[in-house]
Number of protein chains: 2
Amino acid sequence: MNRFASKISNDDLETRFKEYLYTHNGKFTSERMAILKLLYEDDEHLSVDDILDLARQKEIPVSRATVYRTLDLLVQSGLAKKHQFEGHETVFEAALKEGHHDHIVCVDCNKITEFFNDDLERIQNDILAKHGLVMVKHTHQLYGKCTVNNCPNRTS
Amino acid sequence: MNRFASKISNDDLETRFKEYLYTHNGKFTSERMAILKLLYEDDEHLSVDDILDLARQKEIPVSRATVYRTLDLLVQSGLAKKHQFEGHETVFEAALKEGHHDHIVCVDCNKITEFFNDDLERIQNDILAKHGLVMVKHTHQLYGKCTVNNCPNRTS
DNA sequence: TTGGCTGCAAATCCTTTGCAGCCGT
DNA sequence: ACGGCTGCAAAGGATTTGCAGCCAA
């Protein structure tokens, strides 16, 4: 069993998004699809401003309000994830690119690294179960400091 | 070895705070101490408005700006922790009351519960070490949904 | 005395919203 | 054609900041 979902094509994305929109009384527009694509074309965590910049670069006209509104939709539909790392602006990430992961934030260089650990996931579920709940989601960030002068996150 | 620190007295608090202020060119004022005390008198997670309300109730005059400025100081000094749970306003918590813990947020009733797990802590350190970092801090929240109609968090 | 505090109000930053016209269905 | 979108600009909410007077050290 591979925890990584297979890479998703633009067609798949579009199909999924249309499905969601159809079942939620929403309309499929060029602006919405453009934002979704930008998110999946990029491997980074994008802020609202990043998305606006990218759109401008590609000469895709879209307003800030629409970016906000669309990102909300994408998060609700499960196509995007929203992260608020301390000391960072709010960022969004493609949700279907690969399997679940959490984040390490280097407090020296601010770089964000991803990690995944089976045991961690299992324990979290156990803890919630003991409290009579089932996991909806979790947020888990490790803030670390370099042990050497040249921050490994900076060069890795 | 007990993971819970012993309860801290107001005198201890004051001493610690003064130490921090002294080494950071800060002044010990009645407003600052009042806010620190409010935080440690209360077992809840307090928002800025909560603190302002409590101060008003006790007829301790303090402005919103000072509350913000003081909370920053307290967080920097390690006397307070700041939490931003999704769907909640930003809240602050006394840091020296008991040992480290993380939080469960019930998405049904919004109640916040605390948890601690040794394995979880150990694994997190291991993960960071593998990346060449040492833990500065971490944020870890589990968002759960009730498995029964009457939310156990609501009544517990 | 001096530099750091405080309160106040204004300023900022991020995000949301009302509205008029546009467009997917 | 209808109802949901979009852009714009204004509104909102949370937090920060400039400033004049105050106060701890």
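Atoms considered below: every heavy atom in the structure, side chains included; atoms not considered: hydrogens, waters and symmetry mates. Chain letters run A, B, ... following the sequence lines, proteins first and then strands; every chain starts at 1.
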Most 5' of A:Val62 and B:Lys82 on DNA chain D, judged by nearest nucleotide: A:Val62
Distance-only donor-acceptor check, side chains A:Gln124 and B:His140, under 3.5 Å: yes
Nucleotide D:dA24, atom P - distance to CZ of B:Phe17 in whole Å: 14 Å
Atom pair distance, as rounded to whole Å: CZ in B:Arg69 and C1' in C:dG3: 15 Å
Intermediate values then yes/no, ring-ring contact (aromatic ring centres under 6.0 Å, His included), B:Phe85 and B:His103: CA-CA 9 Å; B:Phe85 303 123; B:His103 299 88; 5.0 Å; yes
Length of the line joining B:Asp50:CG and D:dA14:P, which is rounded to integer Å: 12 Å
Separation of A:Thr70 OG1 from A:Phe17 CZ (nearest 0.5 Å): 6.5 Å
Euclidean distance, atom CG of residue A:Asp49 to atom P of C:dC13 [Å, nearest integer]: 11 Å
Near-ring test A:His100/A:His138, centroid separation under 6.0 angstrom: yes
Gap between atoms CZ and C1', on B:Arg64 and C:dC8 respectively (whole Å): 13 Å
Distance, rounded to the nearest Å, where B:Gln84 contributes CD and D:dA14 contributes P: 13 Å
Separation of C:dC14 P from A:Asp72 CG (nearest whole Å): 17 Å
Spacing between A:Glu89 atom CD and D:dT15 atom P, to the nearest angstrom: 18 Å
Trace of the salt bridge (charged side-chain N to carboxylate O under 4.0 Å, His left out) decision for A:Arg32 with A:Glu14: CA-CA 10 Å; A:Arg32 290 178 172 182; A:Glu14 187 170 322; over 6 Å; no
Residue-phosphate contact under 4.0 Å: A:Tyr68 side-chain N/O, C:dT16 OP1/OP2: no
Within residues 21-33 of chain B, residues whose heavy atoms come under 4.0 Å of DNA chain D: B:Lys27, B:Phe28
Helical bend (five base pairs per end, nearest 10°) for the helix from C:dT1-D:dA25 to C:dT25-D:dA1: 40°
Residue pair A:Ile104 / A:Tyr143, side-chain heavy-atom distance below 4.5 Å: no
Stepwise salt bridge (charged side-chain N to carboxylate O under 4.0 Å, His left out) check, B:Asp119 with B:Arg122: CA-CA 5 Å; B:Asp119 293 332; B:Arg122 186 179 40 71; 3.3 Å; yes
Flag for B:Glu93-B:His101: side-chain donor and acceptor within less than 3.5 Å: yes
Given C:dG7, D:dT6, D:dA9, the nucleotide with the shortest approach to the side chain of A:Thr66: D:dT6
Electrostatic pair A:Asp49-A:Arg64, nearest N-O below 4.0 angstrom: yes
Short side-chain N/O contact from B:Thr90 to OP1 or OP2 of D:dT15, under 4.0 Å: yes
